[in-house]
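All chains are named by letter (A, B, ...) in the order of the sequence lines, taking the proteins before the strands, and each is independently numbered beginning at 1. Any value given below was found using the heavy atoms of this structure, including those in side chains, with hydrogens, waters and symmetry copies removed.
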Amino acid sequence: MDAPHLLAGLNDEQRAAVSAPLAPTLVLAGAGSGKTRVLTHRVAWLVQVEHVSPHGILAVTFTNKAAGEMRGRIESMLGVPSAPLWIGTFHGIAHRLLRLHWRETNLPQAFQIIDSDDQLRAIRKIIKSLELDESRWVPKEVMWFINARKDEGLRAKDLKDEGDPNRRQFIKLYELYQEQCDRSGSVDFAELLLRAYELLRDRPDVLSHYRNRFRHVLVDEFQDTNTIQYDWLKLLVGPTGVPFAVGDDDQSIYRWRGAKVENLQQYRRDFPGVQLFRLEQNYRSTGNILEAANALISNNTGRLGKNLWTSGERGEPVRLYAAFNERDEADFVVNRVRDWTLKGGRRSDCAILYRSNAQSRTFEEALLAARIPYRVYGGLRFFERAEIKDALAYLRLIFNRVDDASFERIVNLPARGIGTKTLDTVRNYARANACSMWQAAGACISELGNRLGQSLHGFLVLIEQLDQQTRNLPLHEQVDHVINATGLVAYYKQDKGDRGEAKVENLEELVTAARGFEPDEAAQMPALANFLSHAVLESGEDQADEWEDGVQMMTLHSAKGLEFPIVFMCGMEDGLFPSQRSITDVGGLEEERRLCYVGTTRAMKQLFMSYAEQRRLHGTDTYGTPSRFIKEIPPEFIEEIRPRIQVSRPVYVPRSSGSGRMEEERPGGIRLGQRVRHQKFGEGVVFNVEGDGSNAHIQINFERHGMKTLVLGYANLEPV
DNA sequence: CGTGGGCGGATTTTT
DNA sequence: TCCGCCCACG
């Protein structure tokens, strides 16, 4: 039993994990320790050394990107197509199971996946139809409630209201929403997982079939699994399966959406004697960066324990910049990018990481002004665009008439004289008769007036015709026909300027996407249905231009799994990062710290951290203190580029651009943070100053009277 | 039926 | 400040 090429180039720990005996395994893989390598080599090992049939291997990831990467690497390693292996995301695998077993899970064969946007619309519609106040029953919160329960494996009937009328209403909404989904054959993301779990739980025949088939189950990013995903895995693996889990408790940053780091511990309990491997040698970052990261994360409690090390050089210290405000911070970053590119570096070697998307704007402006190309991750993706979703809605309705959400979306798009009144009639009929909008529309035509009835009838005929005309066409011609015959293309052509043009281009791109689409043979379904599911499950590339060499900008969350020679971690201020909302609870704070750890370990050669003393947030100036995470990094790893001069700075009068760094003291020595006394309001703290000289407006937080804005010249303030 | 102004809200994101 | 949503108006 040897396959030297499979173990060549691996370190001892990696080799041990790859060639581990066929028993439950856990690989704790630190950042940059070659986790994906171990996973892919393990698959190759199973096939080539242990002679496991690829047919018996299931590999699960969280993102399509990770799944695609793994598939590619495995194919090139095995030298054969990886089709017999099941490699996919949790949702993708669950989807495949449901397609194969729709009968056993009481789904219509034509069931459609809906994305969170559609889900929110559906929930909003239900809240409206109950005539509930949307400000009290916030659709987003209801959605969050439903998804969180599904992620815990709970149906509405499993929930008790505990005498809480609020909770009772939420449960009711959950129930109604699910009924609505079942009626229209829609399955949301959480439902995919829950149904797939119930399928295995309730159907012993199905369960034993898959247990026999998939003896080897490999899971990536195990720390990100939620309850239902873990329960599903456990069920599938059963007493005889061989699970191989890879994860890093220090990189668990999705607790807020149901991920349970505890699953790592639970796994060790559920599979006693699990073989544990630690990958601690880091191949990515310099010594300084690594030690800074280690020091930071050591502040967390309950870690499984792991210390990254590198045999590489110490490298440069972490550089810390105390910016004056967010524009100064952006200028600083731009200048460092310039330094790098002047030395011949690529712009795409540089990554600007921030806590929240809103922070990207300042950097975009600065980069734009400096004419440095950049790419922002996290925008709208292809299949999420309105025009694409419109076209898909037509296709979905053609495929599945009872899809009410799609019906409502396009019944009057482009406008064909079907207004609120007509729709109300149809909706009422549908509700009264517990039928679909489609059926209701057919029944309502006669009772509507001549004109309205005609319009509605026209729509029904249109859909029927499209179905007839396109039924036997290849997928891309089907799409092409639909976007033209419905008038969608013509409709968007009218849109003013570039926007209309871009939308039409996108619609044409949809045809191209359909042409290049390769159906999933295993799922045994019509190409159109397969394409529609694909569109939801893989919402497509970001809109940004990939081909251009640009500075990369993204949130800390989306940076996970990536690496860059130069990393800027910006907005390192308490309240921003860690975010205000997480500061009050320990678990939240520890998760933010892990996020900081993730950011830190993205850097290969240089890491810059910056914070702004003054920042415009939600339209008002705020004054922050440096993030507590900065203080958790021992000073020997940090070099301050411009040390802060004093704790409470003299008031600064902003000049026209962020370049000015002049500091002025105001008459009367008023500084931010200064305690002052006012004749009428008593004592308070200077919170903000805007404007010049004695005309300046000062915002003071008074102890007894709260926040007041006063004019300096008249306020007669006395420093305390 | 489409647009503009007023209003409230404002982490993180994948599927 | 900025964005998205709702309603009122043309």
Item to complete: May I ask you to say what A:I583 touches in the nucleic acid, namely base, sugar-phosphate or nothing, with a heavy-atom cut-off under 4.0 Å?
Response: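 Since no nucleic acid heavy atom lies under 4.0 Å of A:I583, the category is nothing.
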Item to complete: Please work out if A:E592 contacts a base, only the sugar-phosphate, or nothing of the nucleic acid, heavy-atom cut-off 4.0 Å.
Response: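 Here A:E592 touches the bases of the nucleic acid.
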When the distance from [atom1] of [X] to [atom2] of [N] is rounded to whole Å, what number comes out?
{"X": "A:D585", "N": "B:dT11", "atom1": "CG", "atom2": "P", "answer": "17 Å"}
{"X": "A:I418", "N": "B:dG2", "atom1": "CD1", "atom2": "P", "answer": "12 Å"}
{"X": "A:W144", "N": "B:dT12", "atom1": "CH2", "atom2": "P", "answer": "16 Å"}
{"X": "A:E573", "N": "B:dT11", "atom1": "CD", "atom2": "P", "answer": "16 Å"}
{"X": "A:I127", "N": "C:dC6", "atom1": "CD1", "atom2": "P", "answer": "12 Å"}
{"X": "A:L595", "N": "B:dT11", "atom1": "CG", "atom2": "P", "answer": "15 Å"}
{"X": "A:E326", "N": "C:dT1", "atom1": "CD", "atom2": "P", "answer": "12 Å"}

Name the pairs: protein N/O against N/O of nucleotides 13-15 of chain B, kept only if under 3.5 Å.
unit_1	atom_1	unit_2	atom_2	d
B:dT13	OP1	A:T555	OG1	2.4
B:dT13	OP2	A:N357	ND2	3.1
B:dT13	O2	A:R257	NH1	3.2
B:dT15	OP1	A:N64	N	2.7
B:dT15	OP1	A:N64	ND2	3.4
B:dT15	OP2	A:R381	NH1	3.4
B:dT15	O2	A:H91	NE2	3.3
B:dT15	O4	A:S116	OG	3.0

Worksheet entry | Residue mapping more 5' on DNA chain B - nearest nucleotide basis, A:G419 or A:S579 |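 The residue closer to the strand's 5' end, by nearest nucleotide, is A:G419.
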Worksheet item: Taking the C1' atom of each, how far is B:dT12 from C:dC5, in whole Å?
Response: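 Comparing C1' positions in B:dT12 and C:dC5 gives a spacing of 23 Å.
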Worksheet item: Mind checking the C1' distance from C:dC6 to B:dT11? Whole angstroms is fine.
Response: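 So the two C1' atoms sit 25 Å from each other.
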Worksheet entry | Any A:M553 side-chain heavy atom under 4.5 Å of A:Y354 side chain |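 Yes, close enough: below the 4.5 Å cut-off.
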Discussion item. Would you call the rings of A:Y254 and A:H557 parallel, tilted or perpendicular, taking 30° and 60° as the class edges?
Written reply: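 If you compare the ring of A:Y254 with that of A:H557, the planes turn out tilted.
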Worksheet item: Between A:W86 and A:F214, what is the ring plane arrangement, given parallel below 30°, perpendicular above 60°, and tilted in between?
Response: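 Aromatic pair A:W86/A:F214 classed tilted.
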Practice prompt. May I ask you to check whether A:F459 and A:F407 place their ring centres under 6.0 Å from each other?
Written response: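 Yes, ring centres under 6.0 Å apart.
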Item to complete: For A:T600 and A:C596, work out which heavy atoms get closest and say how close.
Response: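 The pair with the smallest heavy-atom distance is OG1-O, 2.7 Å.
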Discussion item. As a test of reading the structure: which of B:dT11, C:dT1, B:dG2 is closest to the side chain of A:A415, going by heavy atoms?
Written reply: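 Nearest listed nucleotide: B:dG2.
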Enumerate the protein-to-nucleotides 4-10 of chain B contacts in which both atoms are nitrogen or oxygen and the separation is below 3.5 Å.
unit_1	atom_1	unit_2	atom_2	d
B:dA10	N3	A:H618	ND1	3.4

Fill in: Member of A:R427, A:R124, A:R121 meeting the salt bridge (charged side-chain N to carboxylate O under 4.0 Å, His left out) criterion with A:E408
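When salt bridge (charged side-chain N to carboxylate O under 4.0 Å, His left out) is applied between A:E408 and each of A:R427, A:R124, A:R121, only A:R427 qualifies.
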Worksheet item: Which one of A:R255, A:R355, A:R628 satisfies the salt bridge (charged side-chain N to carboxylate O under 4.0 Å, His left out) criterion with A:E592?
Response: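 Among A:R255, A:R355, A:R628, the one that satisfies the salt bridge (charged side-chain N to carboxylate O under 4.0 Å, His left out) with A:E592 is A:R355.
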Discussion item. Using modelled atom types and a 3.5 Å cut-off, is there a donor and acceptor pairing between side-chain atoms of A:N263 and backbone atoms of A:T225?
Written reply: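 Yes, because the side chain of A:N263 sits within donor-acceptor range (under 3.5 Å) of the backbone of A:T225.
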Worksheet item: Does A:D250 come within less than 4.0 Å of A:R594, counting only side-chain N to carboxylate O?
Response: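 No.
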